[in-house]
Amino acid sequence: METTRNTKTAGTVYLVGAGPGDPGLMTLRGRELIERADCLVYDALGAPAMLGWAKPGCEKIDVGKRSGKHALPQEDINRLLVTCAGRYACTVRLKGGDPYVFGRGGEEALALQEAGVAFEVVPGVTSAIAGLAAAGIPVTQRGLCTQFTVFTGHEDARKSASTLDIAGIAAAQGTKVMLMGMSRLRETLAALMAAGQSGSVPAAAVQWGATGRQRSVLSTVAGLADAVEQAGLGSPAVVVIGEVVRLAPRLDWRSRLPLAGRRIVVTRTREQAGALSAQLAQLGADVMELPTIRIADPSNRRDFAEAVVDAPHYDWLIFSSPNGVKRFFRAFFAVFEDIRELGGARLAAIGAGTAAELRAVGLMVDVMPKKAVAEELIAEFDRKADEFGGLAHSTMLWVHSEQGRRVIYDELMKRQAIVDECVAYNTVPETEDVNGTRARLQSEGADVITFTSSSTVHHFMALGIPLPAGCRIASIGPVTSATLAEYGLKPDVESADHSIPGLVQAVSRMVAQG
Ligand code: SAH
């Protein structure tokens, strides 16, 4: 029988594998689709940070188990996906690992096909392989095994008799990987041994594999259930049986990372958290992104647009932040097609990130202080003023946010420059708990909380969440530290060079010192 396309449904549903939990293990295609999605359907296993990639206004629907609520039954998810396709051009159904490895992705694809909905599948990195690798266990190894078996330990609740081929699995050669096996671990291992599986073969369980929360236990088939219980490991975890487990002590690179096992809170905006989070995660941290603010249009969009159009007439353009550069050039290229329309203005910037954004549009900075603070920019201007024939009567356009200090304006005016303002954006409180981090921070606590600007401090305080007990504070620089002091808080560590890499270094040093 031929399926006819339902004419009412114009949208496409993408079944996207999210990988085991590290956002870095998502495919490029997957990320691109999340960024494009009008609607995102996800459950608890996906990496929460990925939700932050969605564009503003994207509808996010959680169909997983969360805070005591039950997961939506599969039939309802199937129906929901069909409904979304009727409403949105691009729906992304985000699934942990690979969508077709015990993820019921096949059922969703069939439901979409039956309803005549266009769909595509984007494979993901499965925890069955990546979860082991992250704990130092290669799924195959020459000389140790020539095959691997992946099976599910969790039976379909509606089936009464076991459909697991226990005897077959027990007799199989090579590496055996069990997903969804933690709740019945003891029974399943006992059944395997009763069916002939040797109890002395090495075995391991890896919880939250390939994420900052990873914990693993190494044992044997006979000893694993007790070891897991003792260590308090739970779901989600992969269980692996086989000689390859012996390699773990030598190949377990993840637990040797400097920030392994540390939970670190990032309080930047959704748009900006990426770089800091990625650097911390690379060092092994369990990063919790707690977006407290969001970058919005300036209150006076007309003034902003006019300032951008006038920009080519200035001697100097001064950028205070990466956001300012991004917003400025988004508006600039909406009006002008060619960067040469900007004219020959000299450029000043605060911060390496700001300079990097300028470089991205092909512009080099003429004046940038070593330390990313306004006073240092003024000092740098003073040092170099002669090179530029002095500052007096120079026309300057200062691109900045609605909030923040006015040092640059005041000091340059004192030097008789003619300074106009281009207010490019506004930072507003993030009202949604977009990724469930607020709830997690309150229930699980954290080791370190990072502040990357005064506004992140103000906005974090505005959330009214108490700092978890024992949580240390890291500040990006003296201005941010001074704002912390306004709230009676003292940072445990302050970055020396007021940059994201500097902050990451400071946190690492603090953690290393214990
Ligand atoms: N489609 C997924 C598997 C879904 S079934 C995949 O390809 O990975 C859910 C099971 O996957 C969990 O019970 C657990 O066994 C495993 N799992 C998923 N993410 C994991 C992770 N980060 N670490 C360990 N196990 C994980």
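Order of appearance sets the numbers: ligands from 1, and atoms from 1 within every ligand.
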Mind listing the closest non-hydrogen atom pair of Ile166 and Ala191 along with its distance?
CG2-O, 3.5 Å
With respect to Gly103, determine whether any N or O atom, backbone or side chain, lies less than 3.5 Å from an N or O atom of ligand 1.
no
Ligand 1 atoms in contact with Phe102 (distance to a heavy atom under 4.0 Å):
4 (C), 5 (S)
Going by the atom numbers of ligand 1, which of them fall below 4.0 Å from some non-hydrogen atom of Gly96?
1 (N), 2 (C), 6 (C)
Ionic contact status for Arg31 with Glu35, cut-off 4.0 Å
yes
At a 4.0 Å cut-off, with the gap strictly under it, does some heavy atom of Pro236 reach an atom of ligand 1?
yes
Give the atom numbers and elements of ligand 1 that come within less than 4.0 Å of a heavy atom of Gly209.
21 (C), 22 (N), 23 (N), 24 (C)
Is the closest basic N to carboxylate O distance between Lys95 and Asp43 below 4.0 Å?
no
Enumerated ligand 1 atoms positioned under 4.0 Å from heavy atoms of Thr126:
6 (C), 7 (O), 8 (O)
Under 4.0 Å, heavy atoms only, figure out whether ligand 1 is touched by the backbone of Ala237, its side chain, both or neither.
backbone
Hey, does Pro20 come in under 3.5 Å of ligand 1, counting only N/O atoms on both sides?
yes
Heavy-atom side-chain proximity of Thr126 to Phe102 below 4.5 angstrom
no
Contact atoms of ligand 1, heavy-atom distance to Val238 under 4.0 Å:
24 (C), 25 (N)
Do the non-hydrogen side-chain atoms of Arg254 and Leu257 ever get within less than 4.5 Å of each other?
yes
Part of Val206 within contact of ligand 1 (heavy atoms, under 4.0 Å)
backbone
Which ligand 1 atoms does Ser127 reach within 4.0 Å, using its non-hydrogen atoms?
6 (C), 7 (O), 8 (O), 11 (O), 16 (C), 17 (N), 18 (C), 19 (N), 20 (C), 26 (C)
Residue selection (non-hydrogen contact nearest atom 6 (C) of ligand 1) among Ser183, Ala130, Gly97
Gly97
For ligand 1, is there an N or O atom under 3.5 Å from any N or O atom of Pro99?
no
The criterion is side-chain contact (heavy atoms from CB on, under 4.5 Å); which residues satisfy it with Thr175, sequence neighbours excluded?
Val139, Cys145, Phe148, Val177, Val240, Val244
Any residue meeting side-chain contact (heavy atoms from CB on, under 4.5 Å) with Arg215, in chain and number order, not counting sequence neighbours:
Gln207, Ala231, Leu233
Is there a polar contact between ligand 1 and Thr211, counting only N or O atoms under 3.5 Å apart?
no
Looking at side-chain heavy atoms only, is the closest gap between Met288 and Glu444 below 4.5 Å?
no
Could you tell me whether the side chain of Arg93 reaches within less than 4.5 Å of the side chain of Val63, counting heavy atoms only?
yes
